[in-house]
Peer 1: 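Attaching a single structure in C-alpha cells format; questions to follow.
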Amino acid sequence: MPGRQETGEAQATALEREGGLELVLAGVWQITAPRPSWTQVLGDRKPARVRPQVDEVGKWDTSLLLFLFEVQEWCRRTGATWDSAALPERIAVLLQQFVKAHEKSEPHDRSDSFLTSVGRTTIDTWVRARSASTFLGESVIGLVKLLRAPRRFRWRDCLHEMQLCGAMALPIVSLISFLVGLIMAYQAAVQLRQFGADIYVADLVGLSVVREMGPLMAAIILAGRTGAAFAATLANMKANDEVDALESLGISPVQFLVLPRLIALAVMMPLLALYSNGVGILGGMAVAAGVLEIPPSAYWIETQSIVDLSDVNSGLLKSVAFGVLIGLSGCLRGLQAERSAAGVGQAATSAVVTGILLIIVADALFAVVFNILGW
Amino acid sequence: MSETGFPAPGSVPGFGGQANWRPNFAEPAIEVAGLSAGYGGEVVLRDVSFTVGRSEIFFIIGGSGCGKSTLLRNLVGLNVPMSGTVSFLGRPFSQADAASRRAMLKTFGMLFQSGALWSSLSLRENVALPLEEYTTLSRREINEIATLKLGQVGLAGFEDYFPAEISGGMKKRAGLARALALDPEIVFFDEPSAGLDPVTSRKLDELILQIRDNFGTTIVVVSHELASIFALADRVIMLDRTEQGIIATGTPHDLARNSPDPRVVEFLRRSDGHKRS
C-alpha cells in the first residue's frame, strides 16, 4: 500500500467498489495550490455510497476540508451515503465544524425597501438638521457667554488657531491669488487689446479681485485647508473620547473646541482676503508690465481710480461670513463624525464639500443683496 | 516611588492615610431605577435598577457586548436614558436641568478606557482644565494642584509632557489625575486595566483602593478583568446580553461560590484569583 505523499499535487481518484465509490485522496492539499474538482473526479457515475480515504495525503489544510465538504454536500443532495469512517478524527471534527458553520451562516440582508429607504433618509435628515440647529444655537450661546466673560475664553487656543489658519496659509494663498490675478489679466488683455483699451485690464482685474475673487479664492483655500483640518481634528478627538471627557466634566465642547476656531477664522479670513486682493492685483500688474507694456505705476493709478473703499469693504464683509461658514461646517462635521478612522475621513470630506457649497450660496446671496443696496 | 513609576502606598502627599471617613454602604451614593438604554431605538439594557453605597467599590461586570459601557455612559450623562432615573447623593441627575447637572458633574470624575487626554494640552494643562472651569483659584495654585495630582498617580516630573509622548499606562494614570482634580465624591472607571500589562494593571488597582481608603470616594468600575474584580470589588452586578439587564448582584466571591446561575459561575470561575482565594 502506498504511503503518505509529502510532495506532489493534490490528487483525488475514484475507485469503484462494491456498493459505491472509494475516494482515494493523495498528495499535498494546500489552499494556495490547485485542487481537484469533485465533478470531474465523479464523471458520469452516480454511486450510492462515497467513502473518502486520506491515508496518502501529505500536508493538508482547509483545501482538503473544502473538497471533502463539497463531496459531502453532493451526497446530501443526491441521497448517497457519506461514509466517513475512514477519515481520521481530526479531519472529521474539522469537517463537522465546517458543516455547522455553513448551516449557521445567513447572509445579512442590508437592502431596504423603497419606503424604508425614504423613511430612513427622512429621519436621518431630520436628525442632522436638528443637530445642526442645536450646534448653531450652542455656538450663539457660547458667543454671548464669551462677550459676558471674555477672560474665561481660551484666547491662547484661539491665537494658536489663528496662526494655523492664517499665517500658515499665506504661501498657498499667495500662489493661488497671484495666479488667478495673472490668468484674469491674460484673458482680459486678449480682448481689450483689440480695442486699444489695454489699460482697462487694471480696472477689470482690480474690481473683480477686490469684490469677488480675492475673498472667494481665500475662502475656498481655507475651506479645503482649515475646514478639513477642523473636521479631522474634532472627529479624531471624538473617536478618542476626548469630546466625551469634556462633556463628562460639564465643559461644553462648543465653548472649548468650536469657538476658538470660529473666532480665529472670522478674524483671519478678512485679513487673508485683503492679502489675497493685493497679491491678485500684483498678478495682474505682472501681466500688464510683461505683456501689455503698461508701467506698474500707471497700472496702480488706474486700479486706484476704479477700486474704492466700498468695494474693499464689501469683499471684507463677505470674507467674515465665509470664515464663519467654513468654521461652522468644519466643526459641525467633526462633532457629527462616527467614531472610527473612516469617520474622520468622511468628516473631512464632508466639511470641505459643505464649506464650499455654503460659500458659493452665500456669495450668490451677497451679490443679490449688494445689488439691491446699490453697493 | 516603585519600579513601575507608581507611588508606594502612603508615600505621596494626599495619600497619607488620614482616614476621617467611615464606610457606610447603606447610604446610597448612586441610585438607578428602571433604567432602559440603547442606541438608535435598539434597546441594550431594559429596566435596570441598582444602588451603589457611599465609599463602595462597585463593579459592573459581564461579557463583551452586554451593555457595561452603555450603562456607564448613561450614568454619567453622556447618553440620555430611554427611560428610568439616575440619582447621585440623593439628587436626581438624569432629568435635572442643565445648571443642576453641571453642578453635579463636578462631584464626579471619570477615567475613560483610553485615558481620553486632550492631545493638544500637556499633562499639567489636562489636570488643570477642570480646576480652571470650576474654581476661582489663581494660576499658581492651579499649577500646584495639578502637580500634586500628577504626583499622586506617580507622574511627578511628567507635567510638561504631552499625551503623545507617554505610554498607555501613563495616559491612564494622567487620566486618573484629571478625574481626581476636583476631589470628586464619585469616580467612574471604564475598563481601567484594558491594554495594560499585569504589573501596571495591579498597580492601578492598588491606586484605586488607595483613593477609596484615603478619601472615602465611591468608585464604580466597568471591567471584565477578573483579577481586578476579585481584588477590589465590594459588590458587583453582572449584566447579560440576552437578558438585557442584571443577572446577578453580590460580592464576587459569593457569586463565584454560590450563584445558582451557571453563566455567572462560568464567568467568575475562570479566575486564578478565585482559585487562590
Side-chain angles (χ1 to χ4, degrees), chain A residues 116 119-120 123-124 126-128 130-131 134 137-138 141-142 145 149 151-161 163-164 229-230 232-261 264 334-335 338-341 344, chain B residues 39-41 69 72-73 75-80 93 96 98-121 125-136 139 163-164 171-172 174-176 178-182 184 186-191:
Chain A
T116 312
R120 278 189 200 283
I123 291 170
D124 190 45
W126 168 247
V127 169
R128 282 181 168 273
R130 204 173 54 175
S131 119
T134 306
E138 282 181 12
I141 291 169
K145 280 184 183 167
R151 289 190 65 179
R152 290 187 71 83
F153 185 65
R154 300 187 66 83
W155 291 110
R156 207 180 56 167
D157 290 359
C158 189
L159 286 173
H160 179 65
E161 291 299 336
Q163 190 197 351
L164 290 180
F230 284 1
T233 306
L234 297 195
N236 205 28
M237 288 182 78
K238 193 176 172 188
N240 290 336
D241 292 333
E242 292 175 47
V243 175
D244 283 347
L246 282 173
E247 286 181 350
S248 73
L249 283 166
I251 301 170
S252 158
V254 170
Q255 191 88 24
F256 186 79
L257 300 171
V258 176
L259 277 189
R261 289 173 166 81
L335 290 177
E338 285 177 20
R339 294 164 185 271
S340 64
V344 176
Chain B
Y39 300 96
S69 294
L72 190 68
R73 291 181 69 83
L75 287 184
V76 298
L78 290 173
N79 288 2
V80 181
F93 175 72
S100 312
R101 278 169 76 97
R102 192 174 147 83
M104 272 188 267
L105 282 171
K106 62 181 171 184
T107 64
F108 58 75
M110 174 149 178
L111 174 61
F112 288 83
Q113 195 171 336
S114 59
L117 295 172
W118 299 303
S119 44
S120 60
L121 305 183
E125 290 167 329
N126 263 280
V127 180
L129 186 65
L131 295 162
E132 288 169 8
E133 274 300 307
Y134 287 107
T135 69
T136 51
R139 164 65 49 198
K171 279 180 193 161
K172 290 218 173 174
L176 181 56
R178 186 180 65 188
L180 297 175
L182 292 167
I186 304 168
V187 183
F188 296 92
F189 292 82
D190 187 7
E191 306 275 9

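The chains referred to below are lettered A, B, ... by the order of the sequence lines, with proteins before strands, and numbering in each begins at 1. Being a predicted model, the structure only gives us computed values, none of them experimental.
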Peer 1: State, with a plain yes or no, whether a side-chain heavy atom of Leu78(B) is found less than 4.5 Å away from one of Phe112(B).
Peer 2: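 Leu78(B) vs Phe112(B): side chains touch.
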Peer 1: Looking at CZ of Arg261(A) and NE2 of His160(A), how far apart are the two atoms once the value is rounded to the nearest 0.5 Å?
Peer 2: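 Spacing of CZ (Arg261(A)) from NE2 (His160(A)) equals 8.5 Å.
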Peer 1: Go through Gln113(B), Met110(B), Arg73(B), Glu132(B) and name the one with the most non-hydrogen pairs under 4.5 angstrom from chain A.
Peer 2: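 Max contact count across the listed options: Arg73(B).
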Peer 1: With a sphere of 6.0 Å drawn around CZ of Arg339(A), does it hold more than 12 non-hydrogen atoms of other residues, nucleotides or ligands?
Peer 2: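 For Arg339(A), atom CZ is crowded (more than 12 foreign heavy atoms under 6.0 Å).
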Peer 1: Checking heavy atoms, do the side chain of Leu111(B), its backbone, both or neither come under 4.5 Å from chain A?
Peer 2: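 For Leu111(B), neither part sits under 4.5 Å from chain A.
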Peer 1: Measuring heavy-atom distances to chain B, does Asn240(A) have an atom under 4.5 Å in its side chain, in its backbone, in both, or in neither?
Peer 2: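 The backbone, not the side chain.
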Peer 1: Please flag which part of Arg178(B) lies under 4.5 Å from any non-hydrogen atom of chain A: side chain, backbone, both or neither.
Peer 2: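 Only the side chain of Arg178(B) comes within 4.5 Å of chain A.
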Peer 1: Looking only at heavy atoms, what is the nearest atom pair of Ala181(B) and Pro130(B), with distance?
Peer 2: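 Heavy-atom minimum between the residues: CB-CG, 4.2 Å.
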Peer 1: Under a 4.5 Å heavy-atom cut-off, does chain B meet the side chain of Leu246(A), its backbone, both or neither?
Peer 2: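 Both backbone and side chain.
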Peer 1: Hey, what's the ring geometry for Phe108(B) with Phe188(B), parallel, tilted or perpendicular (30° and 60° as the breaks)?
Peer 2: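 If you compare the ring of Phe108(B) with that of Phe188(B), the planes turn out perpendicular.
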